[in-house]
Number of protein chains: 2
Amino acid sequence: MQLNAFWRIITLMKHALNQKPDYEKELRKAGVRITRPRRIILDILTSTEDHPDAMKIFHRAIEIDDSISLSTVYRTMNLLEEMGAIHRHAFNGGPSRFEQAHGEHHDHLIDVDTGDVIEFQSDKIEKLQEEIARALGYDIIHHRLELYGRKSKRPE
Amino acid sequence: MQLNAFWRIITLMKHALNQKPDYEKELRKAGVRITRPRRIILDILTSTEDHPDAMKIFHRAIEIDDSISLSTVYRTMNLLEEMGAIHRHAFNGGPSRFEQAHGEHHDHLIDVDTGDVIEFQSDKIEKLQEEIARALGYDIIHHRLELYGRKSKRPE
DNA sequence: ATGCAAATGCAAATGATTTGCAAAAAGAAA
DNA sequence: TTTCTTTTTGCAAATCATTTGCATTTGCAT
């Protein structure tokens, strides 16, 4: 795992640290009913490293319980997003892809050939964004930095 | 217009400098037929400061010629994008919004209340992105930086 | 002017996502 | 653990942005 003063890779960190927040308890506390479909979807989300879209989540879900419907997946994603448990991305304008909202904010490098996603974070970039927004008279609500790249021929 | 070593506003620049590339000639040279709908859509694109979506372009177009169809707008946007004459954005995962591809690369600050877009550019951020991608073993094909913000209460 | 390939308008198709509704399940109360 | 009320579900149909098939029209090289 890379680590230096300017930026760091996030992807592997959450699993290395085995951060699996107990969403079930959290959600219940917030008055959300924990149903069978929701529990299954949460499990899928907390145990994957990728950023699946609704259809992919649906397919993984019906392998566990084939009565789950696609609309429930969509409804659950909306619910979890509102509760702040997941984040939604629209890479390249494609279908929404989701990831569990583990603590650290991070940006994404998307492999244009495979769709793979690497998460990283740079305080330096973050700080520059703040500076620019402030100078333009704005407060940043959220932001989105996506690098679309291809594996280098000769990695250094 | 702001200007310093680290970043600059782009939005106003293109109109201040009155950069209206002659897309018609360029496209014709590339073997693209200049039809009435295409001419009208190009005019709309080169004479607006905002980032309209297909529907907005369509409405502006039928004011000039009410026989233009929405599918032609979409087809023309795809064509112009392939020709590199325009850029497509999917802010917030909403419908595609377009802008003429005037020379300078730039990023966007989107006003979450109004949908307004301010264009800016920071070499420093650009350079950091390159660094990160390289360290991860990738070449950047393109990237996307969007700041979503709200006007500060006390602008400085 | 003429001919033919390319572009258009229209309507129907697509893909992602949402919604209405009756039936089923969750959780509080008894 | 049974009952009751409310929420959630599955299904099918609806919606939204966008694309496509096809018969007709148009650009433009000859």
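Letters A, B, ... are given to chains in the order of the sequence lines, protein chains preceding strands, and every chain is numbered from 1.
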Q. Which of these, A:R36, A:R38, A:R39, sits in a salt bridge (Lys or Arg N to Asp or Glu O under 4.0 Å) with A:D65?
A. A:R36

Q.
Measure OH/A:Y74 against C1'/D:dC11 and give the value in whole Å, please.
A. 16 Å

Q.
Can you see if the side chain of A:S69 gets near the phosphate of D:dT9 - specifically, an N or O under 4.0 Å from OP1 or OP2?
A. no

Q.
Using whole Å, what does the distance between atom P of nucleotide D:dT18 and atom CE of B:M55 come to?
A. 9 Å

(Q) Working note: A:H143 + A:Q129, criterion side chain to side chain donor-acceptor pair (under 3.5 Å); need CA distance, chi angles, decisive distance, verdict. (A) CA-CA 9 Å; A:H143 72 113; A:Q129 291 174 3; 2.9 Å; yes

Q: May I ask you to say what A:R28 touches in the nucleic acid, namely base, sugar-phosphate or nothing, with a heavy-atom cut-off under 4.0 Å?
A: sugar-phosphate

Q.
Counting the atoms with a prime plus P, OP1 and OP2 as sugar-phosphate, which does B:R38 contact under 4.0 Å by heavy atoms, base, sugar-phosphate, or nothing?
A. sugar-phosphate

Q) Do B:F91 and B:H108 make the cut of ring centroids closer than 6.0 angstrom? A) yes

Q | Most 5' of B:V73 and A:P95 on DNA chain C, judged by nearest nucleotide | A | B:V73

Q. Tell me: NE2 of A:H89 to P of C:dT17, nearest whole Å?
A. 14 Å

Q | First encountered from the 5' end of DNA chain D, between A:D65 and B:R88 | A | A:D65

Q: Please confirm whether any donor atom in the side chain of A:R75 sits under 3.5 Å from an acceptor in the base of D:dG10, or the reverse.
A: yes

Q: Please name the pair of heavy atoms, one in B:R97 and one in B:G115, separated by the smallest distance, quoted to 0.1 Å.
A: NH2-O, 3.2 Å

Q | Cationic N near anionic O, under 4.0 Å, A:R150 to A:D113 | A | yes

Q: Would you mind reading off the distance between A:L70 atom CG and D:dC11 atom P, rounded to a whole angstrom?
A: 11 Å

(Q) Of the listed nucleotides (C:dA26, D:dT9, D:dC28), which one gets closest to any side-chain atom of B:R33? (A) D:dC28

Q | Whole-Å gap separating P (C:dC10) and CG (B:D66) | A | 9 Å

**Q.** Nearest-Å distance for atom pair CZ/C1', residues A:R97 and C:dT17
**A.** 17 Å

Q | Phosphate OP1/OP2 of D:dT9 contacted by A:T35 side-chain N/O (<4.0 Å) | A | yes

Q: Report which part of the nucleic acid A:S71 touches: base, sugar-phosphate, or nothing (heavy-atom distance under 4.0 Å, all strands).
A: base

Q.
Counting the atoms with a prime plus P, OP1 and OP2 as sugar-phosphate, which does A:N78 contact under 4.0 Å by heavy atoms, base, sugar-phosphate, or nothing?
A. sugar-phosphate

Q: Can you tell me the pairing partner of D:dG21 across any strand shown, Watson-Crick or G-U wobble, with both distances under 3.5 angstrom?
A: C:dC10

Q. In whole angstroms, how far is the P atom of C:dT17 from the CG atom of A:L79?
A. 17 Å

Q: State the pairing partner of D:dT30; accept Watson-Crick or G-U wobble contacts with both distances under 3.5 Å, and report none otherwise.
A: C:dA1

Q. Where each residue is assigned the nucleotide of DNA chain D containing its nearest heavy atom, which of B:D53 and B:R36 is assigned the position nearer the 5′ end?
A. B:D53

Q. A:L45 versus A:I86: any side-chain heavy-atom pair under 4.5 Å?
A. yes

(Q) What is the separation between atom CD1 on B:I68 and atom C1' on C:dT8, rounded to the nearest whole Å? (A) 10 Å

